[in-house]
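In what follows, a structure is listed as C-alpha cells, so that the remarks can point back to it.
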Amino acid sequence: MKKNIIIYGLIAGIVVSTLMLLNVNTNTNFDSSLLIGYASMLIAFSLVFVGIRNYRDKYNNGVISFGKAFKIGILIVLIASTIYVVAWLIDYFYFAPDCMERYCAHTIDELKASGASQVEIDKQTKEMANLTTMLKNPFFNAMMSYMEILPVGLVVTLISSLILKRKRLSATSS
C-alpha cells in the first residue's frame, strides 16, 4: 500500500506543481489563471482515483472499504499537496517575489475600471498590502497554499472513495 501511495502521490505532485509553475510564470491573465490552477489540481488529483482503484484491483482482490479507500486517497493528496506547496514557496521566494505586487496592481486596476469608489479602492489596497506582508512569512504562505489545494484533494478523495468502495461478496448456501 505504501508504494502505491508514494508513487501516485509523487506523480500527482509533479503534475500539479509543473502545471502551477507554468501557469504562474507564463500566464499574465490573472482571471484565467485561477481557472487553470484549479483545473490542473483536478487533473493531478485524478490520480487519487487511479491509485485507489489500482490498490483495490491489484493488491486487495477487488475489494476495498470506504475507510481504506479514503486513507489511500488522502495520503496521495497529502504527498501531492506538499510537493505543490514546496514548489510554490521556492518559486514565490526565489523566482517570482513580485507575484503578489503584480496581482494587487491587477486587482486595483479592475476595481478602478469597474467604477468603484475611492473609499472601496483604498480599503482593498490596504487589505492587499496586509496580505502581501503576511505572505512574506514562509509559514503563513505555506498554510495559505495548503488551504488552496487540500480542499480540492479532499473532495476528489471523498468522491473516489464512494465510487470505488466494494465489499466482498459472501458465498450464499442454498
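The figures here come from the full heavy-atom set of this structure, side chains too, leaving out hydrogens, waters and symmetry mates.
- The environment of F93 atom CZ is dense: over 12 non-hydrogen atoms of other residues, nucleotides or ligands sit within 6.0 angstrom.
- Side-chain contact between K136 and M100 is absent, with no heavy-atom pair separated by less than 4.5 Å.
- Side-chain contact between Y92 and L135 is present, with heavy atoms from C-beta onward closer than 4.5 Å.
- The line from CE of M143 to CE of M134 is 14.5 Å long, rounded to the nearest 0.5 Å.
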Evaluate R166 against D57 for side-chain contact (heavy atoms from CB on, under 4.5 Å), listing each step before the verdict. CA-CA 10 Å; R166 190 184 293 163; D57 296 345; 4.2 Å; yes
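- Between the side chain of N4 and the main chain of G51, a donor-acceptor pair closer than 3.5 Å is present.
- With a 4.5 Å cut-off on side-chain heavy atoms, S145 and N141 count as touching.
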Give the table of side-chain donor-acceptor pairs shorter than 3.5 Å for residues 58-80, with sequence neighbours excluded, one pair per line with atom names and distance.
residue: N60; atom: ND2; partner: V63; partner atom: O; Å: 2.5
residue: S65; atom: OG; partner: K68; partner atom: N; Å: 3.1

Tabulate below the donor-acceptor pairs under 3.5 Å that side-chain atoms of residues 9-18 make, not counting sequence neighbours, or state none.
residue: S17; atom: OG; partner: G13; partner atom: O; Å: 2.7
residue: S17; atom: OG; partner: I83; partner atom: O; Å: 3.4
residue: S17; atom: OG; partner: Y84; partner atom: N; Å: 3.4
residue: T18; atom: OG1; partner: I14; partner atom: O; Å: 2.7

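- Within the 4.5 Å cutoff, the side chain of L164 has heavy atoms near those of the F49 side chain.
- Residues A116 and I121 come closest through the heavy atom pair O-CD1, 3.7 Å.
- If you chain together hydrophobic residues whose side chains sit under 4.5 Å apart, L131 and I108 never meet in one group.
- Between N23 and S40 the shortest side-chain heavy-atom distance does not fall below 4.5 Å.
- L19 and I36 end up in different hydrophobic clusters when Ile, Leu, Val, Met, Phe, Trp and Tyr side chains are linked at under 4.5 Å.
- The only member of L158, I159, T157, I163 that meets side chain to side chain contact (heavy atoms under 4.5 Å, CB included) when paired with S161 is T157.
- The environment of Y146 atom OH is dense: over 12 non-hydrogen atoms of other residues, nucleotides or ligands sit within 6.0 angstrom.
- No option in V155, V152, L154 other than V152 meets the side chain to side chain contact (heavy atoms under 4.5 Å, CB included) test with F45.
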